[in-house]
Amino acid sequence: MPDGMNINYDGLIPNNVDLNADLRVRKALETWHPGYIDWWKDMGPEGFQESLVYLRTAIGVDPKGWAKFDYVKMPEYKWGILLAPAVEGRTIPFGKHKGEPAWQEVPGEYRAMLRRLITVQGDTEPASVEQQRHLGATAPSLYDLRNLFQVNVEEGRHLWAMVYLLHKYFGNDGREEAEELLARRSGHKDTPRMLGAFNEATPDWLSFFMFTFFTDRDGKMQLEALAQSGFDPLSRTCRFMLTEEAHHMFVGDSGVQRVVERTVEAMKAAGITDPNDIAAVRALGVIDLPTIQKKMNLHFSLTLDLFGNEISTNAANAFNAGIKGRYREDKLEDDHSLIDATYPVLRYVDGKFVEEPVPALSALNLRLRNDYVQDCNSGVTRWNRVIEKAGYDFRLALPHVAFNRAIGEFSSIHTDIAGNVLSDAEWQARKGEFLPDDADAQYITSLMVPVTENGKYAGWIAAPKVGIDNKPGDFEYVQIVQ
Ligand code: BYC
């Protein structure tokens, strides 16, 4: 078997990093473990810790068969440490060390940078579990409930993945960071999570689907960029995390699609011709398309902030150092050093949007964000096909990148979703047109009633086309024990 394919399942922490031979790290992780379980019980899914959930657990890193499905109580989930197999002879793929052997240890000069990136990545994982902890109480079906919990336990595993790197490669500093990861809390006024979007609420299931579509997709992009890293343990860790991440985006993509499907189906059945007749659509107990658009506006704009500033010295330094690459760096055809290259950056200068060429190294956050926007658009196109097929000439669309931004070039202006600049007063008067307001929230909340009968779905969402693990429609995905 290639290096890293053997998983040891015997100890407390399943792993393919030979923890048994690394007593120091094993002890450190075993010491961290009780605090993690306490955190999970305090901040993980509320009310379902005793229930049996039909979950997949990673049992290998072979792309052809890496997971098994079974009923598990969540606190007993096997959170393992799994790295994708080592690639023999791997070299640093970009930056000023390009072509040198990939690092197996942390290079001293980049220690602080690496520690920060790993900590930021690690912080998002428990944050999302905290944000989603109340959703179980209002799940639209057992199928959806199970998917929520699958996402949650895997975010927990991703936290483990980063904590392993911190303990293994960063000594005492790493141990302290690992403790802090369990101490911060999403939305807490004194000890918040590190990045903006991870302190926002996920109050309902439409938000959950939008979050997994938009924000987990930032996760995908950032993990892709870190998977290119010249620091090989980080690269291998992220490569395996991406295997799991695909399901999270499926949950969001198919979740929104099922909401749209149900809405247009109900509208058609009732003979409603105007998708903007919100009162008529809401009278059917489904979510009107304009409100779906508003939720998209919110989650897309919050997630764009996660890419950082468009022009960033941090990003330039991380690339130059060979630590964080571009999306699919290995598929790009250029010199992979970008010293002389430029990249067009959309800026707001003297009251106008202008595209300015900027040194490509400084524009790497924007470049990743542009790749992200393209990736988002493919999902939106699929949702629109459902609307088009139903015969409605309403189209969902991503808002302008300057809309509702708190970080970067556009953080000091207000715009509408088309990118027309608004004064502060206009923004205050009109923001309810673009973002969910109290009435929207109240309406969506009124729909959030749990459905726990096998094979049944809440009236505002269509059933999925196929079950998880090919299970039949009436499969009991969660055996609820209150
Ligand atoms: N909120 O030079 P800049 C996921 C800070 S999601 C608060 O532009 P940089 C997941 C920034 O930290 C993916 N602060 O920053 C999804 C910096 O602070 P310092 C998570 C922000 O470093 C769903 C300062 O502003 N992974 O996995 O180029 C569920 C200057 O900014 C924000 C990563 O993000 C913000 N939004 O870019 C579960 C990858 N933006 O250092 C999981 C690792 C910027 O001056 N992180 N700042 O004190 C990174 O690569 C970078 O840290 C960022 C920021 C892309 C986030």
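Residue indices begin at 1 and follow the sequence shown.
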Exercise for the section: Could you check if a side-chain atom of D123 sits within less than 4.5 angstrom of a side-chain atom of V120, using non-hydrogen atoms only? Expected result: no

Exercise for the section: Show the numbers, then the answer: is there a salt bridge (Lys or Arg N to Asp or Glu O under 4.0 Å) between R146 and E476? Expected result: CA-CA 10 Å; R146 177 255 166 226; E476 188 173 22; over 6 Å; no

Handout entry: Pair R239 + E224, salt bridge at N-O below 4.0 Å
Key = no

Exercise for the section: For the pair Q131 (side chain) and A197 (backbone), establish whether a donor and an acceptor sit closer than 3.5 Å, ignoring hydrogens and angles. Expected result: yes

Exercise for the section: Any ring-ring contact (aromatic ring centres under 6.0 Å, His included) involving residues 111-144? Give me the pairs, sequence neighbours left out, ordered by first then second residue. Expected result: Y143-Y477

Practice task
Flag the pair W40 / W79 as yes when their ring centroid distance falls below 6.0 Å, and as no otherwise.
Solution key: yes

Exercise for the section: With the side chain counted from C-beta on, respond yes when R326 and L338 share a heavy-atom pair under 4.5 Å apart, and no when they do not. Expected result: yes

Handout entry: Spacing of OG belonging to S337 relative to CG belonging to N320, to within rounding of 0.5 Å
Key = 8.0 Å

Exercise for the section: Take R111 and D173 through the salt bridge (Lys or Arg N to Asp or Glu O under 4.0 Å) test and state the conclusion after the steps. Expected result: CA-CA 11 Å; R111 187 183 160 88; D173 300 353; 3.5 Å; yes

Handout entry: Side-chain touch T119/M194, heavy atoms, less than 4.5 angstrom
Key = yes

Handout entry: V153 side chain near K78 side chain, heavy-atom distance below 4.5 Å
Key = no

Practice task
Spell out, as yes or no, whether a donor-acceptor pair under 3.5 Å connects the side chain of D474 to the backbone of N454.
Solution key: no

Handout entry: From CZ (F319) to OG (S312), nearest 0.5 Å
Key = 13.5 Å

Practice task
Return yes if some donor-acceptor pair links the side-chain N/O of D144 with the main-chain N/O of A139 below 3.5 Å, else return no.
Solution key: no

Problem - Under 3.5 Å: donor-acceptor pair, side chain of W205, backbone of M448 - result: no

Exercise for the section: Rounded to the nearest 0.5 Å, what's the gap from CZ on F198 to OG1 on T124? Could you check? Expected result: 4.5 Å

Practice task
Go through the steps to decide whether I81 and L83 satisfy the test side chain to side chain contact (heavy atoms under 4.5 Å, CB included), and finish with yes or no.
Solution key: CA-CA 7 Å; I81 293 166; L83 273 58; 4.1 Å; yes

Exercise for the section: State, without any angle test, whether H248 and Q150 hold a side-chain donor-acceptor pair at a distance under 3.5 Å. Expected result: no

Handout entry: Side-chain touch F214/F209, heavy atoms, less than 4.5 angstrom
Key = no

Completion exercise
Correct closest heavy-atom pair for L298 and P436 would be CB-CD, 4.1 Å

Distance-only donor-acceptor pairs under 3.5 Å for side chains of residues 99-106, two or more places apart:
{"from": "E100", "atom 1": "OE1", "to": "H97", "atom 2": "ND1", "distance (Å)": "3.3"}
{"from": "E100", "atom 1": "OE2", "to": "H97", "atom 2": "ND1", "distance (Å)": "3.3"}
{"from": "Q104", "atom 1": "NE2", "to": "D232", "atom 2": "OD2", "distance (Å)": "3.3"}

Exercise for the section: Mind running side chain to side chain contact (heavy atoms under 4.5 Å, CB included) on F410 and V401 for me, showing each step along the way? Expected result: CA-CA 8 Å; F410 312 122; V401 289; 4.0 Å; yes

Exercise for the section: With sequence neighbours excluded, give me every side-chain hydrogen bond (donor to acceptor under 3.5 Å, both in side chains) pair touching residues 51-60. Expected result: Y54-D469, R56-E154

Problem - Between N172 and R175, a side-chain donor and acceptor under 3.5 Å - result: yes

Problem - Side chain proximity check, V25 to L19, heavy atoms < 4.5 angstrom - result: yes

Practice task
Establish, from distance only, whether the side-chain atoms of N365 and E310 form a donor-acceptor pair under 3.5 Å.
Solution key: no

Problem - Short N-O contact, R193 and E130, less than 4.0 angstrom - result: yes

Handout entry: Donor-acceptor pair, side chain of Q132 and main chain of P45, under 3.5 angstrom
Key = no

Exercise for the section: Check whether any side-chain heavy atom of I292 sits under 4.5 Å from a side-chain heavy atom of M210, and report yes or no. Expected result: yes

Practice task
State yes or no: are the ring centers of Y36 and W32 separated by less than 6.0 Å?
Solution key: yes

Handout entry: salt bridge (charged side-chain N to carboxylate O under 4.0 Å, His left out) partner of K295, chosen from D437, D204, D440
Key = D204

Exercise for the section: State whether R26 and E30 are salt-bridged, where the test is any N-O pair (Lys NZ or Arg NE/NH1/NH2 against Asp/Glu carboxylate O) under 4.0 Å. Expected result: yes

Handout entry: S128 side chain vs E125 backbone, donor-acceptor pair below 3.5 Å
Key = yes

Problem - Under 3.5 Å donor-acceptor, R24 side chain and H167 backbone - result: yes

Problem - N199 side chain to S186 backbone, donor-acceptor under 3.5 Å - result: no

Handout entry: Results of side-chain contact (heavy atoms from CB on, under 4.5 Å) for R133 - residues two or more places apart only
Key = M43, E46

Problem - ring-ring contact (aromatic ring centres under 6.0 Å, His included) evaluation trace for H33 with W160 - result: CA-CA 9 Å; H33 184 261; W160 272 94; 5.7 Å; yes

Practice task
Taking atom types as modelled, find out whether T202 and S207 have a side-chain donor-acceptor pair closer than 3.5 angstrom.
Solution key: no

Problem - Parallel, tilted or perpendicular, as decided by the 30° and 60° cut-offs, for the rings of Y372 and F300 - result: parallel

Handout entry: L159 to G122 - nearest heavy-atom pair and separation
Key = CD1-O, 3.8 Å

Problem - Side-chain donor/acceptor of T291 to backbone N/O of I287, under 3.5 Å - result: no

Practice task
For T452 and L142, work out which heavy atoms get closest and say how close.
Solution key: O-CD1, 3.6 Å

Handout entry: Pairs flagged by ring-ring contact (aromatic ring centres under 6.0 Å, His included) wherever residues 216-247 is involved - sequence neighbours left out
Key = W66-F240, Y169-F231, H247-F250

Handout entry: Polar contact flag, side-chain donor to acceptor under 3.5 angstrom, N152-Y77
Key = no

Exercise for the section: Would you check if there is a donor-acceptor pair between the side chains of D438 and Q442 at a distance under 3.5 Å? Expected result: no

Problem - Side-chain heavy-atom pair K41, P75 within 4.5 angstrom cut-off - result: yes

Fill in the blank from the handout: On a heavy-atom basis, the closest approach of L166 and E177 is CD1-CB, 3.9 Å

Handout entry: Test side chain to side chain contact (heavy atoms under 4.5 Å, CB included) applied to K294 and L435, step by step
Key = CA-CA 5 Å; K294 283 188 187 181; L435 295 170; 5.8 Å; no

Practice task
Look at D371 together with R328 and state whether they make a salt bridge at an N to O cut-off of under 4.0 Å.
Solution key: no

Fill in the blank from the handout: Taken in chain and number order and not counting sequence neighbours, the residues that satisfy side-chain contact (heavy atoms from CB on, under 4.5 Å) with A458 are P140, V451, W460, I461

Completion exercise
When every non-hydrogen atom of L346 is compared with those of E409, the smallest separation belongs to O-CG, 4.0 Å

Exercise for the section: Look only at the side chain of W383 and the backbone of R258, and say whether a donor-acceptor pair between them is shorter than 3.5 Å. Expected result: no

Handout entry: Chi angles and distances behind the side chain to side chain contact (heavy atoms under 4.5 Å, CB included) call for Q228, S235
Key = CA-CA 6 Å; Q228 302 288 340; S235 164; over 6 Å; no

Practice task
May I ask you to say whether D218 pairs ionically with R369, meaning some side-chain N is under 4.0 Å from a carboxylate O?
Solution key: no

